[in-house]
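These figures come from a predicted structure and were not determined experimentally.
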Amino acid sequence: MDENFDLNAAAREANAVSTDRHRRSYESRHGKGRVGDNIEKSTPAKTTTNAASSKSNSVFATENCTVVVAQIGGTATLPCVVKKFNTAVVSWIRKNDLHLLTVGLSTYNSDERFMVEHVRHLQNWGLLIKHVQPSDAGFYECQVSTHPSTSILLELRVTEATAEILGAPDLHIRAGSLLRLVCSFRQATEPPAYVFWYHEQKMINYDDGVSVTTDRSSSVLLIPETDKSHNGNYTCSPSNVVPSSINVHVLNSTVEEKPAAMQHANTSSKSPSQQLFLNCGIVLLILFTLHKTT
């Protein structure tokens, strides 16, 4: 037992020494007291030499300056596929503050949203960011500890996904007709985990007579036969998406309650010229009748 304990302790100590050596090497390269200088030197706008670009291409399968787009509240995965790995260590560094995020499979960040997504047979050392925030936007460096070290930059762009209900802000329908509301997701980079539909303050997804179908880009609410109880505000609220609302007005079939747009369907479809001809005919008939009586 003592011998096994000593071996385990020695292994842990050796691993700690290796990790510490890598961190010291990182700090010596970037310098804690010259953060501004380092950002300026590593800016993406700087032109790299052909030799450095060639070395990067020989080490990484992921293209340099790859852009990844993620929505607020969603999940971002920054890929880093390494061609030549051997015993080198892969690290992720956030460029806006030169913060060391990960070394190998270990995370050096108190923010638990950051972690390495390692697919061994693909040699992918992707950086996974959960519950993306606007402040996460920027450049990230995937670095391999070759001699000298080689790295690529990836840019994360963060968008705000929004919902949009077709026909908003107001929809007029006749009583007894089908209510069909279509909610589209704009600038969404992933399908929502759920979509809740509300009538006023009540969630109605599972109410009798209500049907909801959802795919990657939209959600559709169906109510087959409407009445006055279906009047009011309807809200489409997908996960990680800004919700959208519409006011539905269910009207009786009487002409008095129909809006002008609905009344138009029941009015005469005569053209202005036809109407003028008809009016002239009526006037002539009246004049003719008056003339006969005199």
Side-chain angles (χ1 to χ4, degrees), residues 67-78 111-113 128-138 155-267 269:
V67 176
V68 176
V69 181
Q71 69 189 67
I72 296 174
T75 300
T77 303
L78 280 62
D111 192 340
E112 296 180 353
R113 298 182 303 118
L128 192 70
I129 308 175
K130 297 181 178 180
H131 311 298
V132 171
Q133 303 171 2
S135 59
D136 295 327
E155 182 183 3
L156 174 61
R157 298 178 183 174
V158 179
T159 64
E160 183 177 54
T162 59
E164 181 181 328
I165 298 179
L166 192 65
D170 290 283
L171 176 66
H172 296 84
I173 61 172
R174 291 180 180 179
S177 61
L178 169 71
L179 174 61
R180 182 175 185 268
L181 299 179
V182 179
C183 177
S184 300
F185 316 137
R186 306 297 184 190
Q187 293 188 310
T189 59
E190 58 187 65
Y194 58 81
V195 179
F196 291 150
W197 282 90
Y198 294 89
H199 180 205
E200 302 300 347
Q201 304 300 320
K202 181 177 180 292
M203 197 264 284
I204 60 173
N205 287 53
Y206 307 105
D207 284 10
D208 292 337
V210 176
S211 171
V212 175
T213 56
T214 302
D215 56 27
R216 290 186 60 90
S217 60
S218 65
S219 179
V220 180
L221 171 74
L222 293 177
I223 300 178
E225 196 167 337
T226 56
D227 54 39
K228 285 289 189 178
S229 67
H230 297 112
N231 273 322
N233 179 273
Y234 287 79
T235 299
C236 169
S237 182
S239 63
N240 300 325
V241 177
V242 178
S244 177
S245 296
I246 188 171
N247 293 309
V248 174
H249 307 274
V250 181
L251 308 175
N252 291 335
S253 298
T254 59
V255 175
E256 290 78 7
E257 293 192 13
K258 294 177 183 178
M262 296 181 66
Q263 288 184 22
H264 181 72
N266 293 328
T267 58
S269 60

Would you mind reporting whether [Y] and [X] have side-chain heavy atoms less than 4.5 Å apart?
| X | Y | answer |
| --- | --- | --- |
| Y198 | P243 | no |
| E200 | N233 | yes |
| V158 | Q133 | no |
| E160 | V242 | yes |
| L156 | I129 | yes |
| I204 | L221 | yes |
| H199 | D207 | no |
| S244 | T162 | no |

In terms of heavy-atom contacts, does NE2 of H249 have more than 12 from other residues, nucleotides or ligands at under 6.0 Å? yes
Gap between atom [atom2] of [Y] and atom [atom1] of [X] - 0.5 Å precision:
| X | Y | atom1 | atom2 | value |
| --- | --- | --- | --- | --- |
| F196 | Y206 | CZ | OH | 6.0 Å |
| L179 | H230 | CG | NE2 | 8.0 Å |
| E164 | Q187 | CD | CD | 11.0 Å |
| I246 | L171 | CD1 | CG | 5.0 Å |
| N240 | H131 | CG | NE2 | 8.5 Å |
| T226 | L178 | OG1 | CG | 8.0 Å |

Quick one about T235 and S245 (side-chain donor to acceptor, distance below 3.5 Å, no hydrogens or angles considered), yes or no? yes
Looking at [X] and [Y], would you say the former's side chain and the latter's main chain have a donor-acceptor pair under 3.5 Å?
| X | Y | value |
| --- | --- | --- |
| T189 | Q71 | yes |
| T75 | K130 | no |
| N231 | V250 | yes |

Minimum-distance pair of heavy atoms, taken over all atoms of [X] and [Y]:
| X | Y | result |
| --- | --- | --- |
| Y234 | I165 | O-CD1, 4.1 Å |
| A193 | S239 | N-OG, 2.8 Å |
| P192 | P238 | CB-CB, 4.0 Å |
| A163 | V241 | N-CG1, 3.4 Å |

Between T213, N205, T214, which is the residue that forms a side-chain hydrogen bond (donor to acceptor under 3.5 Å, both in side chains) with S219? T214
In sequence, state the C-alpha distance, the side-chain angles, and the governing distance for S237 and W197, and then conclude on side-chain contact (heavy atoms from CB on, under 4.5 Å). CA-CA 6 Å; S237 182; W197 282 90; over 6 Å; no
Determine whether C236 and V195 satisfy the following criterion, side-chain contact (heavy atoms from CB on, under 4.5 Å), listing intermediate values before the conclusion. CA-CA 7 Å; C236 169; V195 179; 3.9 Å; yes
